[in-house]
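Read the structure below first, then the notes.
Reminder, nothing fancy here: chain letters follow the sequence lines and each chain counts from 1. Note that the structure is predicted; figures quoted are calculated from it, not measured.
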There are 2 protein chains.
Amino acid sequence: MTAATAIRRLNAADPDFARHLDHLLSWESVSDDAVNQRVLEIIQAVRTRGDAALVEFTQRFDGLEVAAMADLILPRERLELALTRITAEQRAALETAAERVRRYHEKQKQDSWSYTEADGTVLGQQVTPLDRAGLYVPGGKASYPSSVLMNAIPAKVAGVPEVVMVVPTPRGEINEIVLAAAAIAGVDRVFTIGGAQAVAALAYGTESVPPVDKIVGPGNIYVATAKRHVFGKVGIDMIAGPSEILVVCDGQTDPDWIAMDLFSQAEHDEDAQAILVSPDAAFLDRVAASIEKLLPTLEREAIARVSMSTRGALIQVADMAQAIEVANRIAPEHLELSVENPQQWLPQIRHAGAIFMGRYTAEALGDYCAGPNHVLPTSGTARYSSPLGVYDFQKRSSIIHCSADGASELGKVASVLARGESLTAHARSAEYRIKN
Amino acid sequence: MTAATAIRRLNAADPDFARHLDHLLSWESVSDDAVNQRVLEIIQAVRTRGDAALVEFTQRFDGLEVAAMADLILPRERLELALTRITAEQRAALETAAERVRRYHEKQKQDSWSYTEADGTVLGQQVTPLDRAGLYVPGGKASYPSSVLMNAIPAKVAGVPEVVMVVPTPRGEINEIVLAAAAIAGVDRVFTIGGAQAVAALAYGTESVPPVDKIVGPGNIYVATAKRHVFGKVGIDMIAGPSEILVVCDGQTDPDWIAMDLFSQAEHDEDAQAILVSPDAAFLDRVAASIEKLLPTLEREAIARVSMSTRGALIQVADMAQAIEVANRIAPEHLELSVENPQQWLPQIRHAGAIFMGRYTAEALGDYCAGPNHVLPTSGTARYSSPLGVYDFQKRSSIIHCSADGASELGKVASVLARGESLTAHARSAEYRIKN
C-alpha cells in the first residue's frame, strides 16, 4: 500500500477545495426507525414495570442470570474493593488524574451574585447544583475509566449531592478500573444495568433506581437514542459524533509524533476523523511516510487504517493564516497547534473544543490527565457549544426583589409595554404597585 | 359560577396530595406525525431550493404577494423608521427596559482565564462569542417586542457580531413596536419570513439568509418542531412549554394583587398554569373571591378562565416550610414569594427559573423591564436548566499548553491509563514526549 492510498491529500489552493472539505467533514448520524421503535418500547416498559423490566432486559441483553434487582446494585464498599484489585501504578495514575481534573474544574465553579440599585431594588442570580446526576458508562470494550473521572468529577465539584452511575456488565464482566475510578471520583451509587433500559430508569426512576435531573456520558446507538427521547424529562449532555483531531503543524515537529497524534484519534473507531494541516508540502510527505511506517505497528491497525483512509486528510495551505482559517471552518473537537510560539495564533482561534498548544502537548494528555474535560463538542458543534464542565451541573435562578419605590417606577414602564402587547392582566398586575 | 368551579383547591395534608399534584403538573407536548412530516418537507425544500422556496412558502403560508427574496428583507433603516412610528411613551419604555436588561446581562459575561503550574504548563479556558445568532419572532397576535429585547440583548452583550432576526408579516401586517425593539436591541438584519421555512433558512442558509450558529426565540408548533429537527446542525434554546407561575403567600398581601398576578400567567394561553400556595386557608378563600370578582373584568377573560379552571390551583399547606417544599417539587418557571422577609426563604429554594421577592415584585415587572431575562425554563426543567443568558451566546475552548517537563510527567500518567483502556496509540503518542 502506498502513501497515496493510506490518506488523502488536499490543497487549499485547489479551486474546489471548499467543496472537498465540506464533503470530507460531512457527517449525519443515521436515525433508524427500528432502533427508535425498540427504544420507545423499552422506555415504556421501564416506566410501567420498573425494576421487573430492568431485571428482564438485563437478563436478555447482557446475558446475566439475575434473580432480582438487588443483584444489580453495587454498594460503595464494592467500589472501594476495586481500588485494591488494580495495580498500584494504575491507582496512582487514576488519583493523579482525578486530582488534576478536580483542580481545573474548581475554576469553573460559578457563584451567586447580586447588586442593589439606588431605590433599594435588588437584582441577582442564585446558582445551585442539580439535586442528582446520572452517569452512563458503557460496558465491555468501550468501558473507559477516564470517562468516569471526566463525567463524575465536574458534578461533584458543582456540589451535586448524589451521583448515580450505571454500567452494564455483559456476561458478568466487571471492569475493576472503572469501579476504582468511580470510587476515586466520589460516585455515590452504582447499578450494573445498561442500554436504553438504564437511561429510562435514570430518567423516570424505578423502585430501586432514583430518578435523576440530568444524564451524562457516552453510549451506543440505543443509549444515544434513549437520551434523545428522555430529553425534556431530564437534561442530557450532548449526543456525540465520532471523535476528531485537527493538527496544525509548521513542519518542525517530528513527523512520527504527528502521525501518532493522528492515530490517537483514528484508533477510536472507523468513523473517527484525523486531519493534518501544514503550509509545508515536504513535511506532509514526511508525515505520510510516517503513517505508512507506523500503521502496521498499531494494535488497533485495522480500525485506524479505515479511519485514516476514509475520513483522514493531509491538507496543504499557503501559510499559517490560512491554516487558522481552515481550523475555524472545521471547528474541531481537538485542535493541536504543533507550532513555534502557538500563543500568537490563539486569539484567532474562534471555534474548537480543546486547544493543545505547542509540540509537547499531545492530545492524549488531555484525554487522561491534563485537567480539562475530555467530553468535547464534535462535528463542528464547537461553533456553539462547550466542553462538559461544572456549569453543566449548576443552574441559575434570577432574583428580583423590588423596593416599593422600584416597583412603582418599573410598574409604569411595564404597564406601557404590556398594553402594547395587549396583555392587560400583566399591565394591571404591575399597575397595582404604582404609587399614587 | 362559584369559587369552587373557577379554580380547584388542594390541601397538602390530604394523603393523596402528591398524586393530585403530579396530575396537576403533568404535561407532555404532543408530537404530531403530520406536523413532523410537513416540517421535514419544508426543511428539505429550503435546503435544496433556497430563496425560491422561501418566497414560495411565504406566499402560501403568509398570504403575501412577493415577487422575490428582496421583498422579504428589511434594511436597518426600516427599523430606525419604526422608532419614529411608535409613541414617545412606548419608545421611552422600550429604551428603559433595554437599558436595564443590558445592565443586568453585563454581569453574566464570562471571561477567559488561565493558570500556570510550577513546571510551566498553562491550563485555561478561552471564552468566545458565537459568530452569528438567529432570533425567531412570531408574527401576528403573539408578536412581543419584549421578546425581541430579551433574546437579542444577551447575544449582543456576549459580543455576537451579527444577530439576524426573522419575523413573519402575515397578510402584510408589520408590528412597528417589534421593529423598534429590534432597532434598540441592535439587531443587524431582519427577514420577514416565518414558520419552519425561516428556521430552516437560519440553520442551513440560502442565497440571501446567512446560516447562523444558534437559533433562539419562541414560536408555534411548526417552529418548535423545526427547531428540534435542525438541532445539532445549529444550537437552539429550549423548547418551551406553557408559561407558569407559582405564588407563595403568607396571607398578608392584598388578595386582588395575588389574583391579578395569577391572571398575568393565565391570560397567556389556555394551557398556562397559575398556582397559589398559602398556609392561610381564609386567605385562599379571599383570593378565590377576588378571582371570581376580577375574572369578568379581564380583556382576555375567556383564555384566563379556561387556564384557571383546568390548570390552576389554590393549595393549602401547614406552614411556610411546606410551601417551600411544594415550590421545590414544582420547580416553577416563575416563583413569587409574596411574604414578609422573603430573604429568609431564598437559600431553601433549590429550583426556579426566576424568583420574585416580596409583595411589590409582580411577576410582570420581570417580563418587561426589571432586568433579568423573561425566557425561563418551564415544566419543571428549572431542575436542570437556567434562564436564557449571555452564557447561551458564549462558548468555551479548553487550553492546554504543556511545558517539556509537564508533558514528560503527564505522559507517564496518560500512558498507564491509556494502556489500561487498550488505547495504545494514545499511550505511544504520550510516551514520545517522556524524557529519558
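- Not one N or O on the side chain of A:Lys107 forms a donor-acceptor pair closer than 3.5 Å with the backbone of B:Trp113.
- A donor-acceptor distance shorter than 3.5 angstrom exists from the side chain of A:Thr121 to the backbone of A:Ser403, with no hydrogens or angles considered.
- Counting heavy-atom pairs closer than 4.5 Å to chain B, the top-ranked of the candidates A:Lys395, A:Met260, A:Arg428, A:Arg433 is A:Arg433.
- Among the candidates A:Ile177, A:Leu94, A:Leu346, the residue making the largest number of heavy-atom pairs closer than 4.5 Å to chain B is A:Leu346.
- Neither the backbone nor the side chain of B:Glu333 comes within contact range of chain A; no heavy atoms are under 4.5 Å apart.
- B:Ser112 places a side-chain N or O within 3.5 Å of a backbone atom of B:Val127 that can act as its donor or acceptor partner.
- Looking only at heavy-atom pairs under 4.5 Å with chain B, the residue among A:Ser146, A:Gly420, A:Ala92 that has the most is A:Ser146.
- Contact of B:Arg103 with chain A is made through backbone and side chain together, with heavy-atom distances under 4.5 Å.
- Put simply, of B:Ile349, B:Asn175, B:Thr128, B:Leu130, the one with the most heavy-atom pairs under 4.5 Å next to chain A is B:Leu130.
- Looking at A:Thr297, both its backbone and its side chain come within 4.5 Å of chain B, counting heavy atoms on both sides.
- Looking at B:Asp256, the atoms closer than 4.5 Å to chain A (heavy atoms on both sides) sit in the backbone and in the side chain alike.
- Proximity to chain B (any heavy atom under 4.5 Å) is shown, for A:Phe393, by neither the backbone nor the side chain.
- Listed by chain and residue number, B:Ala331, B:Pro377 satisfy the side-chain contact (heavy atoms from CB on, under 4.5 Å) test with B:Ala382 (two or more places apart in sequence, or in another chain).
- Considering A:Arg300, A:Glu267, A:Gln265 in turn, A:Glu267 is the only one that fulfils the side chain to side chain donor-acceptor pair (under 3.5 Å) rule with B:His426.
- Contact of B:Thr424 with chain A is made through backbone and side chain together, with heavy-atom distances under 4.5 Å.
- With hydrogens and angles left out, the side-chain atoms of A:Thr253 and A:Arg359 include a donor and acceptor closer than 3.5 Å.
- When heavy atoms are compared at a cutoff of 4.5 Å, A:Gln125 approaches chain B by way of both its backbone and its side chain.
- Taking 4.0 Å as the cut-off between side-chain N and carboxylate O, B:Lys435 and B:Asp405 count as a salt-bridged pair.
- Here B:Glu117 is the residue among B:Glu117, B:Gln343, B:Gln394 with the most heavy-atom pairs under 4.5 Å with chain A.
- Within the structure, the ring pair (Phe, Tyr, Trp, His ring centres under 6.0 Å) test picks out no pair touching residues 395-420 of chain B (sequence neighbours left out).
- Ranked by heavy-atom pairs under 4.5 Å with chain B, the first of A:Gln90, A:Glu363, A:His268 is A:His268.
- Proximity to chain A is limited to the side chain of B:Asp367, based on heavy atoms less than 4.5 angstrom apart.
- Residue A:Glu176 does not touch chain B at all, counting heavy-atom pairs closer than 4.5 Å.
- Proximity to chain A (any heavy atom under 4.5 Å) is restricted, for B:Gln126, to the side chain, taken from C-beta onward.
- Of all the listed residues (B:Ala364, B:Ser386, B:Ala352), the one sharing the greatest number of non-hydrogen pairs under 4.5 Å with chain A is B:Ser386.
- With hydrogens and angles disregarded, a donor-acceptor distance shorter than 3.5 Å links the side chain of A:Lys214 to the backbone of A:Asp392.
- With chain B as partner, the option from A:Ala97, A:Gly232, A:Gly366 having the largest number of non-hydrogen pairs under 4.5 angstrom is A:Gly232.
- No more than 12 heavy atoms of other residues, nucleotides or ligands sit less than 6.0 Å from atom OH of A:Tyr360.
- With respect to chain A, the highest number of heavy-atom pairs below 4.5 Å among B:Ala181, B:Ser422, B:Gly124 belongs to B:Gly124.
- Judged purely by atom type and a 3.5 angstrom limit, B:Arg100 uses its side chain to pair as donor or acceptor with the backbone of B:Cys369.
- The choice from A:Val234, A:Leu298, A:Ile399 that makes the most heavy-atom pairs within less than 4.5 Å of chain B is A:Val234.
- Contact annotation for B:Val160: neither backbone nor side-chain heavy atoms come within less than 4.5 Å of a heavy atom of chain A.
- Remark: side-chain polar atoms of A:Arg383 are not paired, donor with acceptor, to backbone N or O of B:Arg132 under 3.5 angstrom.
- Remark: A:Arg396 qualifies as a cation-pi partner of B:Tyr391 under the 6.0 Å distance and 45° angle criteria applied to the six-membered ring.
- Top candidate by heavy-atom pairs under 4.5 Å with chain A, chosen from B:Ala259, B:Ala430, B:Ala370, is B:Ala370.
- Contact tally against chain A (heavy-atom pairs below 4.5 Å) for B:Asn373, B:Asp131, B:Thr96, B:Thr87: the top residue is B:Asp131.
- When the shell of 6.0 Å around CD of B:Glu89 is examined, it contains 12 or fewer heavy atoms from other residues, nucleotides or ligands.
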